[in-house]
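Notes follow the structure.
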Number of protein chains: 2
Amino acid sequence: MGKLPAKTVERLSEYRRTLINCMNHGKEYIYSHELAQFHHKTAVQVRRDIMLMGFSGVQRKGYKVKEMIDAIGRILDYKNGQNVGIVGIGHLGTAILQYFTGKRPKLRVVAIFDVDEKKTGREINGVHCYHVDTIPEVVERENIDLGIITVPPEFAKETAEGLINAGIRGILNFTTVPLNVPEDVYLEEYDMITSLEKVAYFARG
Amino acid sequence: MGKLPAKTVERLSEYRRTLINCMNHGKEYIYSHELAQFHHKTAVQVRRDIMLMGFSGVQRKGYKVKEMIDAIGRILDYKNGQNVGIVGIGHLGTAILQYFTGKRPKLRVVAIFDVDEKKTGREINGVHCYHVDTIPEVVERENIDLGIITVPPEFAKETAEGLINAGIRGILNFTTVPLNVPEDVYLEEYDMITSLEKVAYFARG
DNA sequence: ATTAAATTGTTAATTTATAAACAAAAAGAT
DNA sequence: ATCTTTTTGTTTATAAATTAACAATTTAAT
């Protein structure tokens with residue numbers, strides 16, 4: 001099946017977050033305009049995204065929450081799940097690790113890496129912490145597909161290279177250093193400073 | 001002066017990051033295609049962004065790094081700077097705080113807020129930690145324009161309301177809960193799960 | 001039953017964002 | 001000096017994303 005537009009994928013992920021919350025509150029159906037309001041989007045856009053993923057609602061009743069969660073899962077989740085490794089267990093790495101535990105069963109953080117001997121060899125949040133030097137073996141053995149990089153900027157490049165050589169398929173880079181990856185590795189970069197500078201720019205007249 | 005497109009503002013912020021790095025390495029001029037390569041963009045886009053902000057380069061030599069940093073500063077930085085408050089000093093809040101210290105003199109983290117008595121009343125990374133109950137006074141007294149929310153999801157809504165009532169102009173929300181803000185408050189939301197789910201989706205065939 | 005109101009699904013239009021194209025100018029080579 | 005190459009700046013074209021428009025359908029009300 002052909003890939004959906006990146007923007008639609010992002011929104012589906014956001015919708016699912018809200019839908020799960022709705023389900024936990026016992027909500028059975030949801031209208032496109034309700035979902036839209038949560039995410040500051042238009043109802044048309046929500047319906048269009050839903051159409052693109054091949055799901056259908058019930059006219060005059062909206063979308064069945066539980067079914068739609070499953071439908072998004074069929075798009076976003078890989079059959080047996082994907083394994084994730086986090087490199088750099090400082091504050092940011094730990095925040096991400098905590099964030100994930102128990103939230104997305106199909107995205108499992110199965111290993112974390114650091115250089116600090118106070119951390120390596122121990123478990124943090126139920127996940128074993130390995131030394132970064134063991135990335136090649138551990139990525140192979142634990143079948144890790146995706147890497148999250150939260151190391152200090154000066155180690156960003158070599159960390160990425162290590163992960164790529166170990167056979168990783170996707171990288172989420174939180175360092176301030178832009179990376180280069182081969183064509184067959186998907187790279188996503190996020191810089192908090194940019195986000196805040198954007199807020200700062202638009203938060204004034 | 002009219003506002004630039006949001007995408008251009010984001011890229012200018014990213015360019016500046018790289019330019020500062022170039023300057024620190026003694027680089028005097030940079031070509032549009034060099035800057036483009038760093039950020040996985042096209043040279044045309046870089047030149048267009050530069051044009052939109054009203055800056056000019058030197059033909060056959062490129063852009064003067066130092067001058068361009070200043071030019072971006074005239075766009076992104078507010079005259080006397082803007083003050084920032086972080087609410088929630090868990091791992092994520094601390095990571096952001098560390099990230100910022102000494103990096104952007106015009107974006108000053110002047111206060112952090114928490115409920116934990118082990119943290120309130122003390123200094124963390126050189127910034128005083130206040131109890132969240134004192135947000136109204138501290139925001140007023142310290143002239144805080146921008147708020148970063150890194151509290152547990154169940155407190156996201158009330159935190160935002162508190163900041164808004166205290167007169168904040170912009171919010172960067174890192175919680176998993178979508179917020180609602182009045183028209184005159186700029187809101188930016190970021191969810192790590194969405195980023196990783198996007199990577200997971202595109203990192204497979 | 002009939003009508004009115006509400007909501008989905010989809011096509012068409014619009015807007016925004018990106019890329020292509022190319023003139024103009026500067027540097028260097030001949 | 002003249003020509004060639006390189007790179008900027010800007011316009012025009014293309015592509016992507018969003019919004020508008022509206023038919024189809026269902027529910028509820030009269």
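In what follows, every chain begins at residue 1, and chains take the letters A, B, ... in the order their sequences are listed. It should be emphasised that the depicted structure is a prediction, and the values quoted were computed from it without experimental measurement.
Using a 4.5 Å cut-off on side-chain heavy atoms (C-beta onward), A/Phe100 and A/Arg108 make no contact.
Atom C1' of nucleotide C/dT7 and atom CD of A/Glu34 are separated by 12 Å, given to the nearest angstrom. Note: NE2 (A/His33) to C1' (D/dA20) measures 18 Å, nearest angstrom. For B/Tyr31 and C/dA26, the OH to P distance is 15 Å, given to the nearest whole Å. Across the protein-nucleic acid pair, A/Glu10 atom CD and D/dA17 atom P stand 10 Å apart, rounded to whole Å. If you take CG of B/Leu35 and C1' of D/dT7, they are 14 Å apart, rounded to a whole angstrom. For the pair A/Lys61 NZ and C/dT7 P, the computed distance is 13 Å after rounding to whole Å. The nearest whole Å value for the distance from the CD1 atom in A/Ile30 to the P atom in C/dT7 is 13 Å. The interatomic distance linking B/Lys64 (NZ) with D/dT7 (C1') rounds to 17 Å, in whole Å.
Heavy atoms of B/Ser56 sit under 4.0 angstrom from primed sugar atoms or phosphate atoms, though from no base atom.
When each of A/Arg17, A/Lys106, A/Arg104 is tested with B/Glu197 by the rule salt bridge (Lys or Arg N to Asp or Glu O under 4.0 Å), just one qualifies, namely A/Arg104.
Checking D/dT7, C/dA5, D/dA17 against every side-chain atom of A/Arg60, the shortest atom distance belongs to C/dA5.
When each of B/Phe55 and A/Pro5 is assigned the nucleotide of DNA chain D with its nearest heavy atom, B/Phe55 is the one assigned upstream, toward the 5' end.
A donor N or O paired with an acceptor N or O is found under 3.5 Å between the base of C/dT8 and the side-chain atoms of A/Gln59.
With no hydrogens or angles considered, a side-chain donor-acceptor pair links A/Glu189 and A/Asn173 at under 3.5 Å. Between the side chains of A/Tyr201 and B/Ser13, no donor-acceptor pair is found at a separation under 3.5 Å. Residues B/Arg11 and B/Gln45 bring a donor and an acceptor atom of their side chains to less than 3.5 Å of each other. For B/Gln82 and A/Arg204, the side-chain atoms include at least one donor-acceptor pair closer than 3.5 Å.
Listed in residue order, the members of residues 43-54 of chain A having a heavy atom less than 4.0 Å from DNA chain C are A/Arg47, A/Met51.
Dashed line: the shortest gap from a side-chain N or O of B/Tyr29 to OP1 or OP2 of C/dA26 is not under 4.0 Å. For B/Thr42 and C/dT18, the shortest distance from a side-chain N or O to OP1 or OP2 is not below 4.0 Å.
Between A/Lys198 and A/Asp191 there is no salt bridge, since no side-chain nitrogen of the basic residue lies less than 4.0 Å from a carboxylate oxygen of the acidic one.
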